[in-house]
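A short write-up of the structure that comes next.
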Protein chains: 2
Amino acid sequence: MSENEQKEQPRRRQARGERRIAQLLEAAANVFCTTGYTAASTNAIAREAGVSPGTLYQFFPNKEAIAIELGERLMHEMRETYGEALAPVDPATPLEEAVGAAVDRFIAFNCDHPVFFALMHGPDLPGRITEEHDALHATLLARVEDLLGSLLPDASPADLTRTAQVCLSVHKAGLELVLAHEGAERDAYVRELKDVLIRYLEPLVGDRLGRPAAVTTTRSA
Amino acid sequence: MSENEQKEQPRRRQARGERRIAQLLEAAANVFCTTGYTAASTNAIAREAGVSPGTLYQFFPNKEAIAIELGERLMHEMRETYGEALAPVDPATPLEEAVGAAVDRFIAFNCDHPVFFALMHGPDLPGRITEEHDALHATLLARVEDLLGSLLPDASPADLTRTAQVCLSVHKAGLELVLAHEGAERDAYVRELKDVLIRYLEPLVGDRLGRPAAVTTTRSA
DNA sequence: GACAAACACGAGCGGTCGCTCGCATTCTGG
DNA sequence: CCAGAATGCGAGCGACCGCTCGTGTTTGTC
């Protein structure tokens with residue numbers, strides 16, 4: 001085990017190969033979307049892409065690598081398109097606006113790439129994808145915690161984490177509802193999701209005028 | 001195909017058989033809980049129960065039947081234990097109390113039977129279990145709609161349905177969070193879940209004194 | 001045009017899974 | 001006590017899945 005570096009020596013790809021890869025990833029997205037990761041068979045992905053199983057394995061070492069590459073491309077696109085959606089929020093923006101904007105961006109991305117939800121929240125994913133999801137979750141959690149922390153300087157870290165977790169979970173639930181509907185109904189669910197979050201957070205932050213955030217229930221019992 | 005009634009002619013079961021069935025169902029619950037339905041192998045269930053695969057198939061015609069029987073027993077127990085948790089609510093009870101009681105009961109049941117969540121919300125379930133879930137969901141939806149309808153006589157049916165859907169989705173998300181924690185942290189998440197629901201609903205129902213339910217956002221755009 | 005590398009194919013290998021079947025053992029009614 | 005039903009076993013069948021491999025085709029380079 002001295003220097004058998006089998007480091008990925010990126011094979012010389014022809015344009016044809018890159019096209020095939022994109023084609024295969026798109027096919028994989030479709031199949032993952034409709035059947036989930038585990039139930040999706042590599043043969044089915046190859047068939048969907050109109051190629052043979054052998055061709056698929058010309059470009060991906062195994063099934064997991066397909067999901068990983070897909071996940072990484074989605075992550076990259078998300079950071080590129082909406083990367084600054086998670087940027088520190090100007091504390092001057094009203095809560096409604098901040099929540100509304102964040103929700104809108106995430107909803108839009110997930111509507112454009114429904115496979116993202118399947119890959120991130122699927123139940124039987126390979127370890128590597130779970131890591132990606134956990135990393136994203138941790139990032140979002142930290143962002144929300146920071147935002148909440150700047151609004152609730154007196155809250156304990158544990159309370160902050162919990163509140164942020166609740167926000168993300170509620171968001172995920174709402175996203176699921178939104179994706180399950182279309183057109184006007186979908187828009188209505190987006191409104192509801194925003195309302196849930198805003199009404200949950202509003203009593204905590206008051207209207208940020210120094211009012212001691214009238215909570216009706218005891219925290220950290 | 002005139003009268004080949006292969007109707008389940010319930011085989012004469014001995015006490016031993018009933019014991020085996022219970023044993024197998026408990027083993028199945030464990031395996032389903034940890035690996036999910038699809039990934040659970042019948043051989044693994046048999047091994048967990050300490051019997052041979054053949055013995056398992058002495059009592060269940062196939063893998064799906066195990067999940068179905070398990071689901072039906074859970075449903076039955078739920079209706080028996082908490083059946084009246086869904087009973088029409090006395091309109092005099094304050095919202096907080098009604099929500100709190102309903103949440104507490106569902107949380108308690110799901111904590112006692114974690115396999116219930118796995119079977120109801122798993123992603124790759126057989127058709128029959130999906131039917132059970134849908135039936136339960138429809139029942140709960142109707143209950144919540146009724147309750148909301150009595151509090152919001154002016155809301156359109158579509159709005160009622162949507163609001164009820166949001167309540168159930170939020171509840172599911174909260175349940176997931178609660179099940180992921182233990183002890184004091186778990187209790188804290190229960191509190192949060194109740195707060196989310198109460199704060200979401202409170203502006204809609206006002207405090208039921210004829211106040212026109214000051215909503216801050218437009219509904220049915 | 002020649003040569004190698006990249007690309008494409010699809011039969012099929014090894015493995016797992018749901019499930020079966022023949023046979024042994026235990027229980028139960030008469 | 002014994003015939004037959006119920007229970008129990010576990011090797012293994014057929015199907016499918018992830019993946020490989022030998023072979024043939026296309027593409028880039030000189």
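Note on naming: letters A, B, ... go to the chains in the order of the sequence lines (proteins, then strands), and numbering restarts at 1 for each one.
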Rounded interatomic separation in angstrom, taking [atom1] from [X] and [atom2] from [N]:
X: A:Gln23; N: C:dC7; atom1: CD; atom2: C1'; answer: 13 Å
X: A:Leu56; N: C:dG10; atom1: CG; atom2: P; answer: 14 Å
X: B:Ile66; N: C:dC19; atom1: CD1; atom2: C1'; answer: 11 Å
X: B:Asn62; N: C:dC19; atom1: CG; atom2: P; answer: 5 Å

(message) Assess whether a salt bridge exists between A:Glu72 and A:Arg128, defined as any Lys/Arg side-chain N lying under 4.0 Å from an Asp/Glu carboxylate O.
(response)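 Salt bridge present between A:Glu72 and A:Arg128.
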(request) In plain terms, say whether B:Asp187 and B:Arg191 are close enough for a salt bridge, that is, a side-chain N and a carboxylate O under 4.0 Å apart. (result)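 No salt bridge links B:Asp187 with B:Arg191.
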(request) Go through DNA chain D in 5' to 3' direction and return only the first and the last nucleotide with some atom under 4.0 Å of chain B's heavy atoms. (result)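 Contacts span D:dA6 to D:dG10, reading 5' to 3'.
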(message) Which is more 5' along DNA chain C, the nucleotide nearest B:Ala40 or the one nearest A:Asn43? Just name the residue.
(response)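 The 5'-side residue here is A:Asn43.
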(message) Within the 4.0 Å limit for protein heavy atoms, which parts of nucleotides 20-30 of chain C are touched? Write it as a string from 5' to 3', B for base, S for sugar-phosphate only, - for none.
(response) B-----BSSS-
(request) Can you establish whether the number of heavy atoms outside B:His76 located under 6.0 Å from its atom NE2 is more than 12? (result)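 No, not enclosed.
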(request) Take atom NE2 of B:His137 as the centre, draw a 6.0 Å sphere, and report whether it contains more than 12 heavy atoms from other residues, nucleotides or ligands. (result)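 Result for NE2/B:His137: enclosed.
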(request) With B:Lys172 as the cation and B:Phe106 as the aromatic partner, state whether NZ or CZ is under 6.0 Å from the six-membered ring centre and within 45° of the axis. (result)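 Judged by the rule (NZ or CZ under 6.0 Å from the ring centre, within 45° of its axis), B:Lys172 is not positioned above B:Phe106.
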(request) Using ring-ring contact (aromatic ring centres under 6.0 Å, His included) as the criterion, list what pairs up with B:Phe60, not counting sequence neighbours. (result)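 ring-ring contact (aromatic ring centres under 6.0 Å, His included) list for B:Phe60, sorted by chain: empty.
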(message) Tell me whether the side-chain N/O atoms of A:Arg13 come closer than 4.0 Å to OP1 or OP2 in C:dC7.
(response)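 For C:dC7, OP1/OP2 do have a side-chain N/O of A:Arg13 under 4.0 Å.
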(request) Check whether any side-chain nitrogen or oxygen of A:Thr55 sits under 4.0 Å from OP1 or OP2 of C:dC9, and answer yes or no. (result)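 Result: yes.
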(request) Compare all side-chain heavy atoms of B:Ile66 with those of B:Leu56 and state whether any distance is below 4.5 angstrom. (result)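 With C-beta onward as the side chain, the pair touches.
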(message) Contact between A:Glu185 and A:Val178 at the side-chain level, heavy atoms closer than 4.5 Å - yes or no?
(response)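 No - every pair of side-chain heavy atoms lies 4.5 Å or more apart.
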